[in-house]
Amino acid sequence: MDESSGLAKSAKYEGIWWTVNDSGDTARVFGVDAQGKVRAVLKFGAKVRDVEAIAVDRDGTIYIADIGDNEASRDMIEVFTIPEPAELGDTEGIKYHRYDFEYPDGAHDAETLLIEPKTSRLYFVTKVKKKPGAFYAAPETPSREGTNKLTKVADAPAAPQGITDGTFLPDGKSVVLRTYLDVATVTWGETPTVVARAATQIAQGESVAIGPTGSEILVGSEGRGSAVYQLPIPAKAAAAPKPTAAATPKPAAADSAEPKKNHSLRWIIIGAGLLAIIITFVTFPPGRRERLDRMAENARLTGQPPPNPHGRRRAN
């Protein structure tokens, strides 16, 4: 394996992944285990041009996607299918089926084949460097007679240098797309949307597959002896917990305390004023006050001492 350009988990054999070489190789598939040991080489007699992707459906059929087209000059692309072998080992002359496909809007370069888990329907993702690529769907039941027309179903997320591989997650609700620099989890539907991204250790990412338990992924690259890494499926970060009611400040209660304080002070002042008035009237009744005023005026006119308000004359 000099240019591993795709990776797919076996449906039949635990701990086995299938891979293919990029353009320039013959029609063959390699089965490798988690230690990187080649456990099987499957050869079929097709003539291939630029194999870029591989996938396996739930029934154990291997799909080899001859879909590379750097010059965007191919009239059609091909997908070959072979069964997973009855036992692991090198096998030649395997019977295969060929399916031809044609884009509705001209030739495209592509490196990604997706197989929907429940229906086994095929989807292709084009590789475009300067703008987003697109998802194209094959007919629900493609024919081996004539050329099958693909249908554009959605734009693909923008990706640095284009999308290089992808795989459905086991539940069929999301896909993971590979770029040269990272992997992205994308919700599946009429408008595929990126929900999370994660960088990888590989500078030129070429492949992605479901990991051993289905809750992680494997990512790989080209080159003899290139490493394959396992990492978690990118997931959206959990939302921060909302503060509890007890921890939430209540400004309304705090604001209402100050008016209550001012109200009490106002009543204290009013009460003190009323008390002073009452004391004044009790101490100096109106009639007595008027007599004292007249007596003081007479004393001033006659030269007598002013009257004592307590009813006694002051000593000379």
Side-chain angles (χ1 to χ4, degrees), residues 1-22 29-42 51-58 60 62-65 84-85 88 111-117 123 125 127 156-157 159-188 192 194-238:
M1 290 177 291
D2 297 324
E3 291 187 88
S4 175
S5 189
L7 197 63
K9 185 181 181 182
S10 170
K12 186 174 182 179
Y13 297 100
E14 189 72 23
I16 294 295
W17 288 264
W18 301 104
T19 186
V20 288
N21 275 325
D22 203 338
V29 174
F30 302 87
V32 298
D33 61 20
Q35 287 71 44
K37 181 181 179 180
V38 177
R39 301 287 301 278
V41 180
L42 312 178
V51 175
E52 290 286 357
I54 187 170
V56 180
D57 68 13
R58 58 184 176 177
I62 303 173
Y63 293 72
I64 302 97
E84 289 196 276
L88 289 176
E111 296 187 6
T112 303
L113 172 65
L114 305 171
I115 299 183
E116 203 280 328
Y123 295 87
V125 187
K127 180 184 179 185
Q161 301 300 310
I163 296 170
T164 59
D165 200 9
T167 181
F168 266 95
L169 296 182
D171 62 7
K173 297 179 180 180
S174 303
V175 300
V176 174
L177 298 179
R178 187 80 171 95
T179 75
Y180 284 133
L181 303 177
D182 64 7
V183 286
T185 301
V186 179
T187 57
W188 188 247
V194 174
V195 294
R197 286 186 180 273
T200 66
Q201 299 93 329
I202 303 171
Q204 183 176 342
E206 288 283 351
S207 59
V208 62
I210 299 299
T213 69
S215 61
E216 65 282 299
I217 54 175
L218 303 183
V219 294
S221 184
E222 294 181 344
R224 182 180 293 274
S226 58
V228 174
Y229 293 89
Q230 177 177 305
L231 65 153
I233 296 169
K236 186 177 181 180

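- Shown here for Ala8 and Ala55, the closest heavy-atom pair between the two residues is CB-CA, 3.8 Å.
- The backbone N or O of Ser221 lies less than 3.5 Å from a partner atom in the side chain of Ser226, making a donor-acceptor pair.
- Residue Ile64 holds its CD1 atom at 10.0 Å from CG of Leu113, rounded to the nearest 0.5 Å.
- With Val176 as the fixed residue, the side chain to side chain contact (heavy atoms under 4.5 Å, CB included) test singles out one of Val219, Val183, Leu114: Val183.
- Atom OG of residue Ser215 and atom CG of residue Leu169 lie 10.5 Å apart, to the nearest 0.5 angstrom.
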Would Val56 and Ile115 count as a side-chain contact (heavy atoms from CB on, under 4.5 Å) here? Give the steps. CA-CA 8 Å; Val56 180; Ile115 299 183; over 6 Å; no

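- In terms of the ring pair (Phe, Tyr, Trp, His ring centres under 6.0 Å) criterion, residue partners of Phe168 (sequence neighbours excluded) are, by chain and number, Trp188.
- Summarising the geometry of Gly211 relative to Trp17, their closest heavy-atom pair is C-CZ2, 4.0 Å, with the distance given to 0.1 Å.
- Between the side chain of Tyr13 and the backbone N or O of Pro85, at least one donor-acceptor pair lies under 3.5 Å.
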Tell me, with the steps shown, if Ile163 and Lys127 meet side-chain contact (heavy atoms from CB on, under 4.5 Å). CA-CA 5 Å; Ile163 296 170; Lys127 180 184 179 185; 5.7 Å; no

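- Pro192 has its side chain out of reach of Val175: every pair of non-hydrogen atoms, C-beta onward, lies at least 4.5 Å apart.
- Rounding to the nearest 0.5 Å gives a distance of 5.0 Å between CD1 of Ile16 and CG of Leu88.
- If you take CD1 on Ile202 and OH on Tyr180, they are separated by 13.0 Å, rounding to the nearest 0.5 Å.
- The two residues Pro117 and Arg58 have their closest heavy-atom pair at O-CD, 3.3 Å.
- Ser10 is linked by a side-chain hydrogen bond (donor to acceptor under 3.5 Å, both in side chains) to Glu84, counting only residues two or more places apart in sequence or in another chain.
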Using side-chain contact (heavy atoms from CB on, under 4.5 Å), reason through Val228 and Val32 one step at a time and then give a plain yes or no. CA-CA 11 Å; Val228 174; Val32 298; over 6 Å; no

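- Residue pairs meeting the salt bridge (charged side-chain N to carboxylate O under 4.0 Å, His left out) criterion with at least one partner in residues 5-18, sequence neighbours excluded, are absent.
- For Thr164 (side chain) and Gly205 (main-chain N/O), a donor-acceptor pair under 3.5 Å exists by modelled atom type.
- Atom-to-atom distance recorded for Phe30:CZ and Ile54:CD1 is 10.0 Å, nearest 0.5 angstrom.
- At least one side-chain heavy atom of Ile210 sits under 4.5 Å from a side-chain heavy atom of Pro170.
- Glu52 is linked by a salt bridge (Lys or Arg N to Asp or Glu O under 4.0 Å) to nothing, counting only residues two or more places apart in sequence or in another chain.
- The heavy-atom pair separating Thr19 from Ser4 by the smallest distance is OG1-OG, 2.7 Å.
- Considering every non-hydrogen atom in both Ala184 and Val194, the closest pair reads CB-CG1, 4.2 Å.
- Sorted by first then second residue, the salt bridge (charged side-chain N to carboxylate O under 4.0 Å, His left out) pairs that include residues 164-188, not counting sequence neighbours, are Asp182-Arg197.
- Summarising the geometry, atom CG belonging to Leu42 is positioned 5.5 Å from atom CD1 belonging to Ile62; distances are rounded to the nearest 0.5 Å.
- Nearest approach of Val125 to Ala156, heavy atoms of both residues: CG1-CB, 4.0 Å.
- Pro234 places a side-chain heavy atom less than 4.5 Å from the side chain of Ile217.
- Listed by first and then second residue, the salt bridge (charged side-chain N to carboxylate O under 4.0 Å, His left out) pairs involving residues 200-225 are Asp2-Arg224 (not counting sequence neighbours).
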